[in-house]
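Here is the structure we will look at.
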Amino acid sequence: MLMDWLEKFILAALLILAAAIDGAQADTMVSGTVFCDQCKDGERSLFDYPINGVKVQVACSDSNGQITMSREETTNWFGNYAVKFDGTPDLSGCFAQVSSTGQGSNGCGVSAGPAQSLRLMFRMFDMAMYAVDSLLTQPAQPMSFCPRSANPVAPTPPTPARPLPNPVTPASPPPFRLPPLPKLPPLPPLPPLPTLPPMPPVPFLEATACPHQQWTLPEHNCYWRAVSPDTKVAVVFGLEAARRYGTDLTLLQGLQGRGEPYRTLLREGITAFLNSYNSLQFPYNSIAVVQHLNYGLMGSNRNVLFTALRFIRANSGYGRVPCKFTACK
């Protein structure tokens, strides 16, 4: 416990030092996600899914439509991309588009959707972050399970109808009256319903956040969901993590890293990824954890320290949410 508090103190000190030393550096990040528009309706729907291996271009043009600045990046397994620009240029007039679809996943790469404008999310400490609405790629034909409204058919022009003759109003018959019903005796009162037993607690819906030490204990292996301790770090976090940590490092090994900012970032990122699958009320979902860890790896040392500190605070429940692990049976 003393070592964890000491490490948090060192991280905070390094953040202050990085802010003083790294003040001359500036980075701008543009991020978004590419989806496969399976129903070819031109918008996000329940049937769409993130697509990997698609090249995305972020470009800026002048008043004459000439491209003045351009960067390109490839989406990872979760369909995410992050394009980095040196300095803090004004990208408010720029756009992002799918530049090369290839075949994508399951052949969803025949055509690309429209380009999307960039939205400034924040600008501070000589850093800027832009977000892009979802980009789309489309297959050759809509999938068979898509609703008909997603593939509308041109309506058949109506046939002009002949004028109808004036209706003849028949003589109305006298009204028919039902005889009055006899009075029925009152029904006896119903017995009271039995009291239902209380619902058992649902662990996934409860607020819980556990630090990395709890995830390394063997008696808590049953809480690993979606991934296992032997899953590779590169498989979960993508190419940027593979360049930094290699392709052989497992999640369990990454949870044991300490003493260096990049190892601390990976340890807390893996912990946040596991917590996101264990509690619906965790501040980050799984895709957000992957995105934030990649943003940290692609930025400066200050970005690494900032991202690691945010994960540490979330994994500790911000001092309000406890860890509700019990020994697995």
Legend entry - Atom of Lys84, atom of Gly299 and distance for their closest heavy-atom approach: NZ-CA, 4.5 Å

Inset, instruction - Using a cut-off of 6.0 Å, state whether more than 12 heavy atoms not belonging to Trp77 lie near its atom CH2. - result: no

Legend entry - Atom pair CG (Leu239) and CG (Asn294), whose distance is rounded to the nearest 0.5 Å: 9.0 Å

Legend entry - Nearest-0.5 Å distance, CG of residue Leu297 to CZ of residue Arg243: 10.5 Å

Legend entry - Parallel, tilted or perpendicular: rings of Trp215 and Phe325 (30°, 60°): perpendicular

Legend entry - Side-chain donor-acceptor pair present, Thr33, Asn80, cut-off under 3.5 Å: yes

Inset, instruction - Find out whether Thr28 and Pro89 are in side-chain contact, i.e. whether some heavy atom of one side chain is under 4.5 Å from a heavy atom of the other. - result: yes

Inset, instruction - Report the distance from atom CZ of Phe85 to atom SG of Cys94, rounding to the nearest 0.5 Å. - result: 6.5 Å

Inset, instruction - State, yes or no, whether a side-chain contact exists between Val56 and Glu73 at a heavy-atom distance under 4.5 Å. - result: no

Legend entry - In one Ile/Leu/Val/Met/Phe/Trp/Tyr side-chain cluster, 4.5 Å: Phe311, Phe78: yes

Legend entry - Gln116 and Phe95, any side-chain heavy atoms less than 4.5 Å apart: no

Legend entry - Glu72-Gln57 side chain donor-acceptor pair, cut-off 3.5 Å: no

Inset, instruction - Report the distance from atom CG of Leu274 to atom CG of Leu255, rounding to the nearest 0.5 Å. - result: 6.0 Å

Inset, instruction - Taking the side chain as every heavy atom from C-beta outward, state whether His212 and Arg258 have any atom pair closer than 4.5 Å. - result: yes

Inset, instruction - Measure from the side-chain N and O atoms of Asn285 to the backbone N and O of Ile287, and report whether any donor-acceptor pair falls under 3.5 Å. - result: yes

Inset, instruction - Of all the heavy-atom pairs spanning Cys108 and Thr137, show the shortest one and how long it is. - result: O-OG1, 3.2 Å

Inset, instruction - Look at the side chain of Thr208 and the backbone N and O of Lys324, then say whether any donor-acceptor pair between them is shorter than 3.5 Å. - result: yes

Inset, instruction - Rounded to the nearest 0.5 Å, what's the gap from CD on Gln138 to CG on Leu136? Could you check? - result: 6.5 Å

Legend entry - Check: Gln214 side chain, Pro211 main-chain N or O, donor-acceptor pair, under 3.5 Å: no

Inset, instruction - Keeping the roles fixed (side chain from Asp27, backbone from Asp86), state whether a donor-acceptor pair exists under 3.5 Å. - result: no

Inset, instruction - Kindly work out whether a path of hydrophobic side-chain contacts (I/L/V/M/F/W/Y, heavy atoms less than 4.5 Å apart) joins Val289 to Val227. - result: yes

Inset, instruction - Establish whether Tyr262 and Val236 are linked, either directly or via other cluster members, by ILVMFWY side-chain heavy-atom contacts under 4.5 Å. - result: yes

Inset, instruction - May I ask you to decide if the ring planes of Tyr277 and Phe273 are parallel, tilted or perpendicular, using 30° and 60° as cut-offs? - result: perpendicular

Legend entry - Residue pairs involving residues 107-124 (criterion salt bridge (charged side-chain N to carboxylate O under 4.0 Å, His left out); sequence neighbours excluded): Arg119-Asp133

Inset, instruction - Say whether, by atom type as modelled, one donor and one acceptor occur between the side chain of Thr68 and the main chain of Asp62 under 3.5 angstrom. - result: no

Inset, instruction - Classify the side-chain pair Thr216/Gln256 by whether it contains a donor and acceptor separated by less than 3.5 Å. - result: no

Legend entry - Single-linkage hydrophobic cluster, 4.5 Å side-chain cutoff, Val30 and Ile67 together: no

Inset, instruction - For Cys328 and Asn221, work out which heavy atoms get closest and say how close. - result: SG-N, 4.0 Å

Legend entry - Residues Val83, Met29; criterion side-chain contact (heavy atoms from CB on, under 4.5 Å); working and verdict: CA-CA 6 Å; Val83 183; Met29 195 76 65; over 6 Å; no

Inset, instruction - Run the numbers on Trp224 and Leu251 for side-chain contact (heavy atoms from CB on, under 4.5 Å), then give the verdict. - result: CA-CA 11 Å; Trp224 287 67; Leu251 296 182; 4.1 Å; yes

Inset, instruction - State, yes or no, whether a side-chain contact exists between Pro139 and Lys40 at a heavy-atom distance under 4.5 Å. - result: yes

Legend entry - From Gln38 atom CD to Tyr49 atom OH, the distance as rounded to the nearest 0.5 Å: 5.0 Å

Inset, instruction - State, to 0.1 Å, how close Phe282 and Ala272 come at their nearest heavy-atom pair, and which atoms those are. - result: CE2-O, 3.6 Å

Inset, instruction - Please report the C-alpha distance between Thr74 and Tyr81 in whole Å, then the side-chain angles of each, then the deciding distance to 0.1 Å, and finally whether the side-chain contact (heavy atoms from CB on, under 4.5 Å) criterion is met. - result: CA-CA 6 Å; Thr74 304; Tyr81 62 90; over 6 Å; no

Inset, instruction - Check the angle between the aromatic planes of Tyr223 and His220 and answer parallel, tilted or perpendicular using the 30° and 60° thresholds. - result: perpendicular

Legend entry - Ser279 to Glu206 - nearest heavy-atom pair and separation: OG-O, 2.7 Å

Inset, instruction - Using distance alone, with no hydrogens and no angle criterion, decide if Gln291 and Ser31 have a side-chain donor and acceptor under 3.5 Å apart. - result: no

Legend entry - Heavy-atom pair with the smallest gap, counting every atom of Ala115 and Gln97: CB-CB, 3.7 Å

Inset, instruction - Give me the other members of the hydrophobic cluster that Leu193 sits in, counting Ile, Leu, Val, Met, Phe, Trp and Tyr linked by side-chain heavy atoms under 4.5 Å, directly or via other members. - result: none

Legend entry - Close side-chain approach of Met127 to Arg302, heavy-atom, < 4.5 Å: yes

Inset, instruction - Give the intermediate values and the outcome of side-chain contact (heavy atoms from CB on, under 4.5 Å) for residues Leu266 and Arg263. - result: CA-CA 5 Å; Leu266 178 62; Arg263 293 181 180 178; 5.8 Å; no

Inset, instruction - Check whether any side-chain heavy atom of Val290 sits under 4.5 Å from a side-chain heavy atom of Asn76, and report yes or no. - result: yes

Inset, instruction - State yes or no: do Val132 and Leu91 share one hydrophobic cluster built from I, L, V, M, F, W and Y residues joined by side-chain heavy-atom distances below 4.5 Å, directly or via other members? - result: yes

Legend entry - Under 3.5 Å side-chain donor-acceptor pair for Asn275 and Asn315: yes

Inset, instruction - State whether the side chain of Ser286 and the backbone N or O of Ser276 hold a donor-acceptor pair below 3.5 Å, judged by distance alone. - result: no

Legend entry - Test item: side-chain donor near acceptor, Ser228 and Asp230, under 3.5 Å: no

